[in-house]
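Here the structure is laid out as structure tokens; the discussion comes afterwards.
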2 protein chains.
Amino acid sequence: MANKFSRSGIKDESYSEELGAIASAVRAARRRHHLTQAQLAGLSGTGLRFISELERGKPSISLHKMISVLAVLGLQLRVVEAS
Amino acid sequence: MANKFSRSGIKDESYSEELGAIASAVRAARRRHHLTQAQLAGLSGTGLRFISELERGKPSISLHKMISVLAVLGLQLRVVEAS
DNA sequence: CAGTAATTATCCCGTTCGGGATTAATTCCG
DNA sequence: CGGAATTAATCCCGAACGGGATAATTACTG
């Protein structure tokens with residue numbers, strides 16, 4: 001996941017494939033819906049900061065907030081067997 | 001999700017189907033592996049409290065910790081289209 | 001290219017997570 | 001059934017989330 005907006009922060013890219021996949025899925029879905037991060041924040045009852053961090057794969061984000069965001073985008077979380 | 005160990009706490013059962021499904025999946029998988037919550041905590045690098053709350057569907061748990069637990073149980077998180 | 005829009009980083013600060021311990025309640029099983 | 005095992009609730013407290021604002025950086029477009 002290319003961090004194109006990086007200023008000077010260090011981003012640990014090695015954390016988890018799942019995290020990265022979720023982050024990418026959220027960003028892609030947001031763009032499909034032609035929403036800015038700010039709009040998505042408003043629609044999901046979260047803040048701009050949360051959306052930004054979610055899309056950059058921040059590990060420690062709160063599950064229910066993420067579920068709220070997914071719902072706005074017509075997505076869901078599922079538990080599956082590891083491949 | 002029957003709360004069989006409930007003492008006197010009030011449990012909001014209406015929160016999110018996804019949360020409940022994740023919680024149930026974790027508990028079921030743990031039992032399939034014949035692990036106690038304490039053992040699973042040890043294996044996943046979390047604490048007993050976290051496992052207990054995860055299995056009871058606590059909404060605000062931290063995503064990466066949950067992913068660690070799922071990994072021990074041979075499970076993964078996926079984002080899917082909402083049905 | 002320049003101006004505007006969008007995204008990211010950082011700050012302050014109130015709220016809450018969760019480790020580990022302890023206690024209480026429930027479940028398990030011989 | 002009773003005792004041991006397991007799970008849930010609660011406590012203290014350090015760590016950290018995240019709202020909102022601000023500033024910096026990057027992307028977009030005419």
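Chain A is the first sequence line, chain B the second, and so forth, proteins listed ahead of strands; every chain is numbered from 1. From a predicted model like this one, the values you see are computed outputs, not experimental measurements.
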Atom [atom1] of [X] and atom [atom2] of [N]: how far apart are they, to the nearest Å?
| X | N | atom1 | atom2 | answer |
| --- | --- | --- | --- | --- |
| B:Leu35 | D:dA5 | CG | P | 17 Å |
| A:His33 | C:dA6 | NE2 | C1' | 19 Å |
| A:Leu54 | C:dT8 | CG | P | 11 Å |
| B:His34 | D:dT7 | NE2 | C1' | 18 Å |
| A:Leu48 | D:dT25 | CG | P | 18 Å |
| A:Ile51 | C:dT7 | CD1 | P | 11 Å |
| A:Gln37 | D:dG18 | CD | C1' | 14 Å |

Is [X] near enough to [N] that one of its side-chain N or O atoms lies under 4.0 angstrom from OP1 or OP2?
| X | N | result |
| --- | --- | --- |
| B:Arg30 | D:dT6 | no |
| B:Ser52 | D:dA8 | yes |
| A:Arg27 | C:dT8 | yes |

Compare every heavy atom of [Y] with every heavy atom of [X], then report the nearest pair and how far apart it is.
| X | Y | value |
| --- | --- | --- |
| B:Pro59 | B:Leu19 | CA-CD1, 3.4 Å |
| B:Ser60 | A:His64 | CA-CD2, 3.7 Å |
| B:Ala25 | B:Leu75 | O-CD1, 4.3 Å |
| A:Leu43 | A:Val72 | O-CG2, 3.5 Å |

Show each protein N/O and nucleotides 14-18 of chain C N/O combination with a separation under 3.5 Å, one pair to a line.
unit_1	atom_1	unit_2	atom_2	d
C:dC17	OP1	B:Ser60	OG	2.2
C:dC17	OP2	B:Lys58	NZ	3.3
C:dC17	O5'	B:Lys58	NZ	3.1
C:dC17	O5'	B:Ser60	OG	3.4
C:dG18	OP1	B:Ser62	N	2.9
C:dG18	N7	B:Arg49	NH1	3.4
C:dG18	N7	B:Arg49	NH2	3.0

Return yes if a side-chain donor-acceptor contact under 3.5 Å exists between B:Gln76 and A:Glu81, otherwise no.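 Not at all, the side chains of B:Gln76 and A:Glu81 share no donor-acceptor pair under 3.5 Å.
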
Test log, rule salt bridge (charged side-chain N to carboxylate O under 4.0 Å, His left out), inputs A:Arg30 and A:Glu55: CA-CA 10 Å; A:Arg30 176 172 63 81; A:Glu55 291 190 357; 2.6 Å; yes

